Chemist: 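Below is one structure. I have some questions about it.
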Amino acid sequence: MALMGKTDGFDTDVAVIGAGPVGTLLAILLGRRGHKVTLVERWTTHYALPRAVTYDHEIARIFASLGIDSETDPAISFHDELYFWKNKDRKDLQIVDWQSQSASGWRVRYWFNQPMMEKRLLAIAAGISNITLMRGWQGIGLEQDATGVTLSLQRNPEEVGPNGEGRTLRARFVAGTDGANSFVREALGIENEDKGYFFDWLILDMIPHFDYVASRNGEPAQWQLCDPKRPTTIVPGGPGPIPGGPARRRWEFMVLPGESAHDLQRPERAWELLAPWGLSPANAELERSAVYRFQARWAKQWNKGRCLIGGDAAHLMPPFAGEGMCAGVRDAVAMAWRLNGILEGKLGLNVLDSYTSERIEHAKHYINFSQELGQIICIADDAVAADRDARMMADLAARNGTPVPTDICRLGVGAWCEDSAHAGELSVQGIVEAGGKRDRFDQVVGQGWVLIGHGADAASALTEVQRQQLAQLDGMAVRLGDSADEVRDVEGTIGHWLDRIDAKYVLIRPDFYVALTAKTPAMLQSRFARVMDALDLTRAPSMAAE
Ligand SMILES: Cc1cc2nc3c(=O)[nH]c(=O)nc-3n(C[C@H](O)[C@H](O)[C@H](O)COP(=O)(O)OP(=O)(O)OC[C@H]3O[C@@H](n4cnc5c(N)ncnc54)[C@H](O)[C@@H]3O)c2cc1C
């Protein structure tokens, strides 16, 4: 990462505040398009303790676009099995299908170690010369005007004392990915909507010196023990520190009413809680013991003028669905394609409004879902737990024990056609073949605005103006079919999906979401026009003149 000189009165195109997973990913997605990015991080050293341990198929798809293959990467693991919720007698209450391939072409779930993944992302960022990482600096003030944002930065007083150096930084845009106590959110005067939900849980990150799952006689690898005496989460923690060695594991124990969180996180208490699980200092290392307060809240607005917020700065949720960082990763991608488009003179500033309207609803879905899961497990009362068990076991029996699929979630209103089947949802992905390459669609065709015609020439179905608009977006039109000059849908995955929703055309966005589907050229043209309007494309010439 290089230091940059000032151009046109700007030190940088985008100042990203906070180099957690969300900010670092955003910096990469902007930097690899050639934009100048300054990534400002409060601490000089990397945060070395685990937090997130699992991500979903959509994140695997996003990581794949960076060259990180979740199937083969030694820093990532998976368990080919279901996710169980059991009562105190170890009877099934709920079974979730974390075993299948997802519609987006990856496994439903992967397990990883957050510090390892963050280092991976930081290494990718370090290879992009137009990203500058300012470690040991923190944002303390911002002022925005019509053309940019002036940031006040200061050396982190916790590292250098109160009289540390200060400086300003002039940026065209600012992204606040500065975590739960976001300074950017505060400086923009954006309030949180708080669901008033909180529970304290003890998180124990363990490195067993042996293969823990194999030692447990058929106990699931990933499960929740809904025992009112001590609600407990037992899940993988990603690969261990020694390549090929035993994997990490995580235990989460609910802090019971009347218990002291402080007392519980002492190592002696941690080992007491772990003893029934067969772990002791003789056969395992306690990597981290900390009590976290799980909360459910979101910021009411995620963009204001030339500033945006994303990741924990914009939302917090209990980790029961493993979706907190996932939501932040989606934010980074959603911010990146919009900012790239604006910086390249293709999109108008108004497109940023759809960042808030789309992402806030999507994140709220997962906040509510995580809270619902929490309401199932965070029960410390025997009678209430017995009622819950009876209800859930009856539901499961009525379904003959069929696992529930993972849910499909739609974006809020934004740059997609609401009246078109599957729009606003993640696109389906399958294995394709083209130009002598056989792989997932994203890896063969690429990422961006992709218009697919199923057995039809999608480009000729657009008007001339629309073809120019697609070109302006660096978009591509692809014909899916069986002949040599087409993209061959090897397993028929994409074709079956389009047949099922009675569509011949689909427009996929750079974040892999469906902007529209259509059956006829006339339908395609009218829906395409609406998406282009939502992108604020027509204002691009005046933006470029700014
Ligand atoms: C116990 C636990 C378990 C979890 N499990 C999962 C899981 O399994 N799956 C999942 O998807 N999510 C999970 N999460 C959530 C996930 O860890 C977070 O959502 C994710 O780390 C948020 O990333 P971020 O980049 O938004 O923020 P952070 O990781 O908090 O990064 C923010 C960065 O900004 C820096 N910063 C702050 N203020 C300033 C400033 N003023 N100037 C400069 N820099 C600043 C900070 O130093 C930090 O480096 C879990 C969280 C916890 C606590």
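When a ligand or atom number is given, it counts from 1 through the structure's own listing order. Starting from 1, each residue takes its place in the sequence as its number. None of the values given here were measured: they were computed from a predicted structure.
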Chemist: Please state which protein non-hydrogen atom is closest to atom 9 (N) of ligand 1 and give its distance, to 0.1 Å?
Modeler: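 I find the closest protein heavy atom is T54 O, 2.8 Å.
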Chemist: Specify the protein heavy atom at minimum distance from atom 31 (O) of ligand 1: its residue, its atom name, and the distance to 0.1 Å.
Modeler: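 Atom 31 (O) of ligand 1 sits closest to the protein heavy atom G20 CA, 3.5 Å.
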Chemist: Compute whether any side-chain donor of one residue and acceptor of the other, for S289 and R269, lie under 3.5 angstrom apart.
Modeler: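 No, R269 and S289 have no side-chain donor paired with an acceptor closer than 3.5 Å.
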Chemist: I'd like to check which ligand 1 atoms, numbered from 1 as shown, lie under 4.0 Å from a non-hydrogen atom of G18.
Modeler: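 The list of qualifying atoms is 33 (C), 34 (O), 35 (C), 44 (N).
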Chemist: Any atoms of ligand 1 less than 4.0 Å from a non-hydrogen atom of C326? List them with their elements.
Modeler: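 With C326 as reference, the close atoms of ligand 1 come out as 11 (O).
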Chemist: Using a strict cut-off of less than 4.0 Å between a Lys/Arg side-chain nitrogen and an Asp/Glu carboxylate oxygen, indicate whether E159 and R135 qualify as a salt bridge.
Modeler: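 No, no charged N to carboxylate O under 4.0 Å.
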Chemist: Determine whether the side chains of S77 and R248 contain a donor N or O and an acceptor N or O closer than 3.5 Å.
Modeler: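 No.
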Chemist: Nearest protein heavy-atom contact for atom 44 (N) of ligand 1: which residue, which atom, what distance?
Modeler: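 Ranked first by proximity to atom 44 (N) of ligand 1 is R42 N, 3.2 Å.
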Chemist: Heavy-atom distance under 4.5 Å between the side chains of Q222 and T54, does that happen here?
Modeler: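 With C-beta onward as the side chain, the pair stays apart.
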Chemist: Could you tell me the residue and atom name of the protein heavy atom closest to atom 21 (O) of ligand 1, and the distance to it rounded to 0.1 Å?
Modeler: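 Result for atom 21 (O) of ligand 1: Q114 NE2, 2.9 Å.
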Chemist: Which class fits the ring pair Y83 and W85: parallel under 30°, tilted 30 to 60°, perpendicular over 60°?
Modeler: perpendicular
Chemist: Closest non-hydrogen protein atom to atom 41 (N) of ligand 1, residue and atom name please, with distance?
Modeler: G139 O, 3.2 Å
Chemist: With backbone taken as N, CA, C and O and side chain as the heavy atoms from C-beta onward, which portion of T177 lies under 4.0 Å from ligand 1: side chain, backbone, both, or neither?
Modeler: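 T177 to ligand 1: backbone contact only, side chain stays beyond 4.0 Å.
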Chemist: Side-chain contact test, heavy atoms from C-beta onward, threshold under 4.5 Å: evaluate it for L343 versus V14 and give yes or no.
Modeler: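 Counting from C-beta outward, L343 and V14 do come under 4.5 Å.
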Chemist: Run the ring-centre check on F63 versus Y110 and record whether the distance is less than 6.0 Å.
Modeler: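 No, too far apart.
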Chemist: Does any non-hydrogen side-chain atom of K195 lie less than 4.5 Å from one of R297?
Modeler: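 The answer is no; the side chains never approach within 4.5 Å.
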Chemist: Non-hydrogen atoms of Y55 versus ligand 1: any pair closer than 4.0 Å?
Modeler: no
Chemist: Return yes or no for this condition: an N or O of I203 is under 3.5 Å from an N or O of ligand 1.
Modeler: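 N/O-N/O distance below 3.5 Å does not exist for this pair.
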Chemist: Report yes or no: does a heavy atom of W137 sit under 4.0 Å from some atom of ligand 1?
Modeler: yes
Chemist: Which residue owns the protein heavy atom closest to atom 5 (N) of ligand 1, what's the atom, and how far is it?
Modeler: A52 CA, 3.3 Å
Chemist: Out of G179, S370, A314, S182, who gets a non-hydrogen atom closest to atom 27 (O) of ligand 1?
Modeler: G179
Chemist: Would you mind reporting whether W201 and I377 have side-chain heavy atoms less than 4.5 Å apart?
Modeler: yes
Chemist: In terms of ring plane angle, is the pair Y366 and F369 parallel, tilted or perpendicular, where the classes change at 30° and 60°?
Modeler: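 Aromatic pair Y366/F369 classed perpendicular.
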Chemist: Can you list the ligand 1 atoms lying under 4.0 Å from a non-hydrogen atom of W43?
Modeler: 47 (O)
Chemist: With respect to atom 12 (N) of ligand 1, which of E118, M325, R288 exhibits the smallest heavy-atom separation?
Modeler: M325
Chemist: Which of the numbered atoms in ligand 1 are below 4.0 angstrom from a heavy atom of I17?
Modeler: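 So the answer, numbered in order with elements, is 40 (C), 42 (N), 43 (C).
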Chemist: Side-chain contact test, heavy atoms from C-beta onward, threshold under 4.5 Å: evaluate it for P246 versus Y212 and give yes or no.
Modeler: no
Chemist: For Y292, counting its heavy atoms only, list the atoms of ligand 1 lying under 4.0 Å from any of them.
Modeler: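 Counting atoms of ligand 1 from 1, those under 4.0 Å from Y292 are 1 (C), 53 (C).
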Chemist: Counting each atom of ligand 1 from 1 as listed, which ones have a heavy atom of V22 under 4.0 Å away?
Modeler: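 Answer, ordered by atom number: 23 (O), 24 (P), 25 (O), 26 (O).
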Chemist: Among all the protein's non-hydrogen atoms, which is closest to atom 48 (C) of ligand 1, and how far away is it?
Modeler: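 That would be E41 OE1, 3.5 Å.
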Chemist: Could you measure the distance from the SG atom of C226 to the NZ atom of K86? Nearest 0.5 Å is fine.
Modeler: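 So the gap between those two atoms works out to 10.5 Å.
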Chemist: Aromatic contact between W106 and F512, with the criterion being ring centroids under 6.0 Å apart: yes or no?
Modeler: no
Chemist: Begin from the C-alpha positions of E71 and R107 and carry the test side-chain contact (heavy atoms from CB on, under 4.5 Å) through to its verdict.
Modeler: CA-CA 9 Å; E71 288 289 309; R107 262 170 232 276; 2.8 Å; yes
Chemist: From atom 38 (N) of ligand 1, work out which of V235, D178, V291 has a heavy atom at the shortest distance.
Modeler: D178
Chemist: Which ligand 1 atoms are under 4.0 Å away from a heavy-atom of P319?
Modeler: 3 (C), 4 (C), 5 (N)
Chemist: Using a strict cut-off of 4.0 Å, indicate which atoms of ligand 1 neighbour a heavy atom of V40.
Modeler: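 The atoms of ligand 1 under 4.0 Å from a heavy atom of V40 are 43 (C), 44 (N).
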Chemist: If you have a sec, work out which protein heavy atom is nearest atom 26 (O) of ligand 1 and how many Å separate them, to one decimal?
Modeler: D312 N, 2.9 Å
Chemist: Scan the side chains in residues 324-334 for donor-acceptor partners under 3.5 Å anywhere in the protein, sequence neighbours excluded, and list what turns up.
Modeler:
residue	atom	partner	partner atom	Å
R330	NE	E58	OE1	2.6
R330	NE	E58	OE2	3.3
R330	NH1	E323	OE1	3.2
R330	NH2	D56	OD2	2.7
R330	NH2	E58	OE1	3.3
R330	NH2	E323	OE1	3.3
D331	OD1	R359	NE	2.7
D331	OD1	R359	NH2	3.0
D331	OD2	G311	N	2.8
D331	OD2	H315	NE2	2.7

Chemist: Heavy atom of R250 under 4.0 Å from ligand 1?
Modeler: yes
Chemist: Who's closest to atom 51 (C) of ligand 1 heavy-atom-wise, of E252, R51, E323?
Modeler: R51
